[in-house]
Amino acid sequence: MTAHPPTPVAELLARSHRLGADPRNTNYAGGNTSVKAASIDPATGRPVDLMWIKGSGGDLGTLTESGLAVLRVDRLLGLVDVYPGAEREDEMVAAFDHCLFGRGGAAPSIDTAMHGLVEVPHLDHLHPDAGIALATAVDGESHTRACFGDRVLWVPWRRPGFQLGLDIAGIVRDNPDAIGVVLGGHGITAWGATSAECEANSLDIIRTAQHYLDTRGRPDPFGPVVDGWRPLPVAERHHRAAALAPVLRGLASTDHPQLGHYTDGEAVLDFLARARHPALAALGTSCPDHFLRTKVRPLVVDLPPTAPLETVTARLRELHRAYRADYRAYYARHADADSPPLRGADPAIVLVPGIGMLSFGRDAQTARVAGEFYVNAINVMRGAESISTFAPIDEREKFRIEYWALEEAKLRRRPKPRPLATRIAVVTGGGSGIGRATARRLAAEGACVVVTDRDQPAAARVADDLGGADRVVAVGLDVTDEPSVTAALRAAVLAFGGVDLIVASAGLSVSRPLLETTAADWDLHHNVLARGSFLVAREAARIMIEQRMGGDIVVIGSKNGVVAGPDNIAYGAAKAGQAHQVRLLAAELGRHGIRVNGINPDGVVRGSGIFAGGWGAQRAAVYGIAEDELGAFYAKRTLLGREVLPEHVAAAVLALTGGELSLTTGAHIPVDAGVAAAFLR
């Protein structure tokens with residue numbers, strides 16, 4: 001069978017994936033690719049020239065056909081005749097909707113004009129660090145000429161939009177031998193007669209620019225390393241990062257709750273050890289994609305890495321107050337009657353010398369990507385400073401993009417956040433049973449979840465089922481061991497910036513009569529249950545108090561903490577201890593906005609690690625039934641006559657923590673299908 005050649009759309013997607021897979025080519029969700037080709041209009045049966053382009057908000061590396069906007073080329077070119085001029089630039093984005101072909105597809109991006117008006121079949125617009133370094137050098141035009149000659153031309157800074165598309169279209173017409181342009185302050189654009197030629201030209205521009213920087217640049221563009229500001233050893237800097245992250249997250253969440261991401265890559269640590277980093281950081285970033293994610297500039301800690309943590313924390317609060325005042329002043333300097341309202345004055349990037357960078361965003365992916373963008377910005381500054389002077393676009397232009405009405409419209413198109421969005425949950429015993437079901441439910445409702453279990457592979461399997469590291473991570477945890485608890489909570493902080501919600505679900509049970517219960521049985525139950533929930537709650541409370549964002553602690557207790565059953569002394573007593581912990585912790589932590597509640601399940605057989613580990617057989621023997629009849633046996637003795645499943649307990653956790661019961665603390669919620677003997681009095 002003869003193989004058919006790939007369609008233009010298939011070629012576009014393949015090229016996009018290759019370009020987007022390499023961070024040297026473009027940042028996450030940055031840049032656009034397009035193709036123009038003839039198709040058949042089903043309404044007329046006649047050929048029509050179309051353009052497929054990456055839509056607004058998409059990512060090249062993961063682009064699918066549904067993420068493309070499809071537009072008629074004749075209508076795009078016709079917009080030239082109705083363009084009202086640069087002073088009414090924003091009106092043209094709405095006009096793109098009248099150029100769309102068919103239904104569905106993504107919303108056209110602001111760069112649609114660049115692709116549609118340039119009369120070439122294939123076009124790439126990218127944000128490579130090397131290209132932006134040339135674009136942000138104070139004499140970038142002369143460096144572009146020295147680097148490329150007439151093959152790649154310079155376009156002075158212009159805000160993305162219709163006029164920029166007209167500018168580049170004119171360059172292409174007047175320079176038929178050119179393969180692309182460097183956009184001042186912004187990035188690069190390349191084109192080609194075929195998809196392969198376009199991709200080759202894009203890569204040629206990036207590699208040539210990087211070679212130019214490597215061969216012409218001076219070796220220490222950020223200045224010498226400052227004594228006492230070198231990176232701390234790995235263990236020490238991670239310890240300090242975990243101690244500072246909750247403080248920083250609380251500060252960064254003053255206006256809106258945020259999640260955090262920690263980065264201590266070599267590029268960040270080297271930058272912060274150098275003499276010129278404070279002055280360069282104050283200049284902010286340049287590429288529009290960069291400062292939309294990182295804000296106009298970062299907050300930079302001005303203390304050496306070994307300063308006492310108490311001193312750093314106090315200084316952070318001072319710096320944060322100053323940052324907010326400066327940001328509000330920045331907004332006031334440039335806002336006019338048509339500007340969107342101020343979105344929040346807290347930093348998105350915090351740089352801590354010797355320790356690394358904390359980045360913040362509305363979700364974990366946004367926080368991580370903000371950090372990646374600032375690493376891009378560091379690379380750009382290094383390249384520009386190595387050959388010249390870093391000169392980003394001016395503050396007024398940054399404000400015009402950050403508070404662009406079109407950007408505001410994009411933000412408003414976001415879906416409504418789920419109930420637990422921006423919350424960081426730690427679930428103990430998350431590898432099976434109630435813990436596993438709870439982790440699944442919390443993740444489904446938008447929380448970032450740290451699944452912990454003594455059986456780390458089991459926790460990892462649960463985490464793998466629930467998504468990538470931007471949503472769920474797995475950590476091994478022995479709740480009876482203080483260092484293990486500290487390490488697990490520290491891992492949660494380093495993964496997502498802090499902790500908001502604890503579900504103490506780790507448990508076990510051995511059913512024996514009093515005379516057969518050993519001291520080791522007693523100690524085991526009290527260590528795992530009462531001691532375990534105490535240690536986890538104590539460590540979590542430390543973090544929550546530092547965050548100053550409140551929090552939730554939910555202890556998975558048991559009906560057996562209330563009802564005295566036979567052959568159950570060690571388990572029942574330990575569960576009763578957990579129950580009173582809930583009351584004691586609620587009374588103590590309420591002043592910090594931390595709510596503590598308990599859930600008392602009963603008869604949760606299906607999927608339970610405890611029942612599967614021998615408890616089921618032991619309880620079945622006590623009741624004189626077969627083990628596989630135990631769930632039905634428990635159901636028959638309830639008022640509702642229904643079997644309790646792990647998912648029912650998970651639903652109760654959500655009810656307590658999802659916002660509807662925000663004034664409930666110190667409560668015990670039964671999830672037992674109705675056991676009259678367990679009614680609380």
Side-chain angles (χ1 to χ4, degrees), residues 27 29-30 56-57 85-93 109-111 113-114 127 132 135-136 138 140 155-164 167 183-187 252 254-256 258 279-300 319-351 359-362 366 369-370 373-374 376-377 380-381 384 390-414:
N27 43 260
S56 177
E87 68 281 357
R88 292 168 59 188
E89 176 81 51
D90 293 357
E91 297 174 23
M92 299 307 293
V93 173
S109 81
I110 189 61
D111 290 317
M114 181 196 305
H127 301 146
I132 306 174
T136 55
V138 70
V155 179
W157 161 258
R158 186 182 290 279
R159 192 167 54 141
F162 203 84
Q163 186 59 54
L164 181 60
D167 294 346
L183 306 173
H186 187 164
T254 300
D255 289 327
H256 308 288
Q258 302 282 287
L280 289 168
L283 295 175
T285 57
S286 186
C287 175
D289 267 28
H290 290 183
F291 59 77
L292 280 172
R293 304 274 190 159
T294 65
K295 281 196 155 173
V296 65
R297 60 182 58 87
L299 186 157
V300 183
L319 291 169
H320 178 251
R321 285 191 293 271
Y323 186 98
R324 286 177 59 83
D326 289 346
Y327 190 86
R328 287 193 294 265
Y330 153 77
Y331 180 87
R333 281 194 297 275
H334 304 297
D336 56 32
D338 296 325
S339 297
L342 190 149
R343 297 192 192 103
D346 299 313
I349 302 292
V350 179
L351 302 175
S359 51
F360 297 95
R362 68 183 186 277
T366 302
V369 170
F373 275 52
Y374 200 78
N376 290 134
V380 167
M381 287 187 279
F390 175 61
I393 61 175
D394 67 35
E395 185 182 271
R396 170 62 180 165
E397 284 298 292
K398 291 179 182 179
F399 180 86
R400 290 180 67 211
I401 291 180
E402 185 178 356
Y403 284 91
W404 205 351
L406 301 177
E407 184 65 26
E408 184 72 11
K410 184 190 296 185
L411 295 174
R412 289 175 179 170
R413 288 198 298 268
R414 292 176 183 162

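In this text, all values refer to a predicted model and were calculated from it rather than measured experimentally.
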J.: So do R293 and N27 actually touch side chain to side chain, heavy atoms under 4.5 Å?
T.: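 A side-chain contact under 4.5 Å is absent here.
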J.: Could you measure the distance from the CZ atom of R297 to the CG atom of L280? Nearest 0.5 Å is fine.
T.: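 Spacing of CZ (R297) from CG (L280) equals 13.0 Å.
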J.: Is there side-chain contact between Y374 and S359, with heavy atoms separated by less than 4.5 Å?
T.: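 Result no, sub-4.5 Å side-chain heavy-atom pair not found.
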J.: Going by the rule side chain to side chain contact (heavy atoms under 4.5 Å, CB included), which residues pair with A384 if we only count those two or more places apart in sequence or in a different chain?
T.: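 If we apply the side chain to side chain contact (heavy atoms under 4.5 Å, CB included) test to A384, skipping adjacent residues, the hits are T136, F390.
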J.: Enter the distance from T366:OG1 to F373:CZ here, rounded to the nearest 0.5 Å.
T.: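 Reported to 0.5 Å precision, the distance equals 10.0 Å.
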J.: Measuring from atom CZ of R159 to atom NZ of K398, what distance do you get when rounded to the nearest 0.5 angstrom?
T.: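 Between atom CZ of R159 and atom NZ of K398 there are 16.0 Å.
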J.: Quick check: do M114 and P160 have side-chain heavy atoms less than 4.5 Å from each other?
T.: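 Answer no - side chains too far apart.
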J.: Would D255 and R324 count as a salt bridge (charged side-chain N to carboxylate O under 4.0 Å, His left out) here? Give the steps.
T.: CA-CA 10 Å; D255 289 327; R324 286 177 59 83; 2.9 Å; yes
J.: Heavy atoms only: give me the nearest I393-S286 pair and the separation to one decimal.
T.: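 Heavy atoms of I393 and S286 come nearest at N-OG, 3.4 Å.
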J.: So R362 and H256, do their side chains get closer than 4.5 Å, heavy atoms only?
T.: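 Counting from C-beta outward, H256 and R362 never come under 4.5 Å.
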J.: Measure up the Y327 and Y403 rings against each other and bin them: parallel (under 30°), tilted (30 to 60°), perpendicular (over 60°).
T.: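 Because their plane-to-plane angle lies in the 30° to 60° range, the rings of Y327 and Y403 count as tilted.
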J.: Have E402 and Y331 got a donor and an acceptor in their side chains that come within less than 3.5 Å?
T.: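 Note: E402 and Y331 side chains miss the donor-acceptor criterion.
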J.: Please round to the nearest 0.5 Å and tell me the distance separating atom CG of L183 and atom CG of L164.
T.: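 Result: 6.0 Å between the selected atoms.
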J.: Would you call the rings of H186 and W157 parallel, tilted or perpendicular if under 30° counts as parallel and over 60° as perpendicular?
T.: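 It falls in the tilted class, 30° to 60°.
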J.: Heavy atoms, side chains only, cut-off 4.5 Å: are L342 and R328 in contact?
T.: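 The answer is yes, as the side chains (C-beta and beyond) meet within the 4.5 Å cut-off.
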J.: For the residue pair G187 and A135, what are the closest heavy atoms and their distance?
T.: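 Where G187 meets A135 most closely, the heavy atoms are N-CB, 4.4 Å.
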J.: Side-chain contact, heavy-atom cut-off 4.5 Å: F360 with V350?
T.: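 Side chain of F360 against side chain of V350, heavy atoms only: contact under 4.5 Å found.
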J.: Before accepting this row, confirm whether a basic side-chain N of the pair D346/K295 lies closer than 4.0 Å to the acidic partner's carboxylate O.
T.: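 Salt bridge between D346 and K295, a charged N being under 4.0 Å from a carboxylate O: no.
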J.: Taking only residues two or more places apart in sequence, or in another chain, which ones meet E395 in a side chain to side chain donor-acceptor pair (under 3.5 Å)?
T.: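 Per chain and number, E395 pairs via side chain to side chain donor-acceptor pair (under 3.5 Å) with R333, H334.
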J.: With rounding to the nearest 0.5 angstrom, report the CH2 to CD1 distance, W404 to I110.
T.: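 Spacing of CH2 (W404) from CD1 (I110) equals 4.0 Å.
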J.: If you define the side chain from C-beta out and look only at heavy atoms, does anything of P392 sit under 4.5 Å from V380?
T.: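 No - every pair of side-chain heavy atoms lies 4.5 Å or more apart.
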J.: For the residue pair G185 and P288, what are the closest heavy atoms and their distance?
T.: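 Minimum heavy-atom separation between G185 and P288: O-CD, 4.2 Å.
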J.: Side-chain contact, heavy-atom cut-off 4.5 Å: L299 with L351?
T.: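 L299 does not reach L351 side chain to side chain.
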